[in-house]
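Report on the structure given below.
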Amino acid sequence: QVRRQRVGHFAAGHHDFENVAHFGHRFVLAGATRLPWGGLWASGQVQVSSGLPFNVTTGGDQNLDGITSDRPAGVGRNTGADTDLTEVNALRARNGLPPVQRLQEPWFWEMDLRVWKPFAYQETPDRGGSAYLQVFNLLDRFNPGPIEGRVLATNFGRPIGQIGPSRTVEVGVRFGF
C-alpha cells in the first residue's frame with residue numbers, strides 16, 4: 001500500500017510502509033600528512049558505499065492513465081534488488097523477453113589523492129598558496145549505475161552508465177588573500 005504521509009499541514013512525500021526504502025551505507029576515510037621530502041604534503045580519501053535501491057517500473061502505460069511509470073503488480077517503490085521477480089518475469093515473458101534471475105545494486109568505491117607544496121608570497125605569512133596535483137578515482141575503477149529499472153527494457157537490471165568520473169587528473173595553483 002503506497003500512500004502519502006502527512007506531517008502537520010505538509011505532505012511528506014510518497015512512502016511504501018511495507019517495503020521501507022534502504023538508503024545504503026557509506027564509509028569515508030580521509031587524512032593528510034607532511035611528506036619527508038621537498039616540503040610536500042599529501043592527502044587522500046577513500047569512499048565506499050553500498051548500492052542504492054532503484055525504482056522498478058514496467059516502462060509503459062499499462063493502465064492507460066497517460067503516465068509511463070506503472071509498476072508490475074506487487075512491486076513497491078524503490079525495491080531494487082529486493083524486488084520479487086515473479087510478476088516481473090511474467091510480464092517479461094508476455095512481451096517475449098527472457099527472465100531475469102536476480103537484481104543487484106552495485107557498490108561504489110573510489111580513492112582520491114592530492115599532493116601539494118605550500119608557498120608564501122609578498123613576504124607575508126598569512127598570504128600564501130600552494131601548487132597541487134590531485135587525482136580523482138586514482139585506481140580508475142568503473143562504478144556502475146544508475147540501474148535500468150524498466151522491466152520491458154532489454155537491459156533491465158543492468159547499469160546504464162557510470163557514477164562518478166573515470167580517473168581525472170588536475171593540476172593547479174591556489175592563492176590565499
Side-chain angles (χ1 to χ4, degrees), residues 1-31 43-114 134-170:
Q1 174 77 16
V2 177
R3 63 182 189 217
R4 185 173 291 272
Q5 179 184 18
R6 297 198 65 78
V7 178
H9 295 289
F10 304 99
H14 292 287
H15 295 280
D16 183 342
F17 292 102
E18 292 179 12
N19 297 310
V20 176
H22 158 132
F23 293 102
H25 303 284
R26 184 178 177 137
F27 173 78
V28 177
L29 177 66
S43 65
Q45 175 174 293
V46 175
Q47 297 181 63
V48 179
S49 62
S50 61
L52 295 175
F54 53 93
N55 206 13
V56 175
T57 67
T58 62
D61 183 16
Q62 272 58 44
N63 62 6
L64 304 176
D65 65 356
I67 300 172
T68 60
S69 60
D70 296 343
R71 289 181 180 70
V75 174
R77 183 172 185 233
N78 293 328
T79 53
D82 295 331
T83 302
D84 180 1
L85 295 175
T86 306
E87 184 60 33
V88 167
N89 283 329
L91 181 59
R92 288 178 63 82
R94 286 193 301 272
N95 286 275
L97 295 168
V100 174
Q101 303 304 317
R102 67 185 182 119
L103 298 173
Q104 292 183 318
E105 297 163 358
W107 284 61
F108 176 85
W109 192 95
E110 185 175 279
M111 180 186 296
D112 303 329
L113 175 68
R114 178 181 174 123
Q134 58 190 8
V135 183
F136 301 100
N137 197 1
L138 180 68
L139 302 177
D140 201 23
R141 182 178 190 277
F142 176 76
N143 287 298
I147 304 301
E148 174 59 77
R150 296 173 299 157
V151 171
L152 299 178
T154 56
N155 58 344
F156 169 66
R158 290 185 288 207
I160 55 174
Q162 177 171 330
I163 298 173
S166 54
R167 181 183 302 130
T168 304
V169 178
E170 186 175 284

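Residue Asp140 holds its CG atom at 13.0 Å from CE of Met111, rounded to the nearest 0.5 Å. In this structure, CG on Asn137 lies 7.5 Å from CG on Asp112, to the nearest 0.5 angstrom. One distance of note links CD of Gln62 with CG of Asp70; it measures 5.5 Å at 0.5 Å rounding. To the nearest 0.5 Å, atoms CG (Asn78) and OG1 (Thr83) are separated by 9.5 Å. Rounded to the nearest 0.5 angstrom, Arg150 CZ and Thr154 OG1 are separated by 8.5 Å. With rounding to the nearest 0.5 angstrom, the CD atom of Gln45 is 9.0 Å from the CG atom of Leu29.
For the pair Asp61 (side chain) and Asp65 (backbone), a donor-acceptor distance under 3.5 Å is present. A side-chain donor-acceptor contact under 3.5 Å links Arg92 to the backbone of Val151. Under the 3.5 Å distance criterion, the side-chain polar atoms of Asn55 are left unmatched by any main-chain donor or acceptor of Gly149. Under a 3.5 Å cut-off, the side chain of Thr168 and the backbone N or O of Ser166 do form a donor-acceptor pair.
In this structure, Thr79 and Glu105 approach most closely via the heavy-atom pair O-OE2, 4.0 Å. Nearest heavy-atom pair, Leu103 versus Val100, reported as atom, atom and distance to 0.1 Å: CD2-CG1, 3.8 Å. Of all non-hydrogen atoms in Leu152 and Thr58, the two that sit nearest each other are CG-O, 3.3 Å. For the pair Arg77 and Arg71, the tightest heavy-atom approach, listed with the atom from each and the gap, is CG-NH2, 3.3 Å. The shortest heavy-atom contact between Phe142 and Gln162 is CD1-OE1, 3.0 Å. Between Pro72 and Leu91 the shortest heavy-atom distance is CG-CD2, 4.4 Å.
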Is there a side-chain contact (heavy atoms from CB on, under 4.5 Å) between Gln134 and Glu170? Walk through the geometry before answering. CA-CA 5 Å; Gln134 58 190 8; Glu170 186 175 284; 2.5 Å; yes
Could you go step by step and tell me if Phe156 and Leu97 meet the side-chain contact (heavy atoms from CB on, under 4.5 Å) rule? CA-CA 10 Å; Phe156 169 66; Leu97 295 168; over 6 Å; no
Evaluate the side-chain contact (heavy atoms from CB on, under 4.5 Å) criterion for residues Phe108 and Glu110: first the C-alpha distance (whole Å), next the side-chain angles of each, then the deciding distance (0.1 Å), finally the verdict. CA-CA 7 Å; Phe108 176 85; Glu110 185 175 279; 3.7 Å; yes
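Under 4.0 Å is where a charged nitrogen must lie from a carboxylate oxygen, and between Arg94 and Glu87 at least one such pair does.
When each of Asn143, Ile147, Leu52 is paired with Pro106, the side-chain contact (heavy atoms from CB on, under 4.5 Å) condition holds for Ile147 and for no other.
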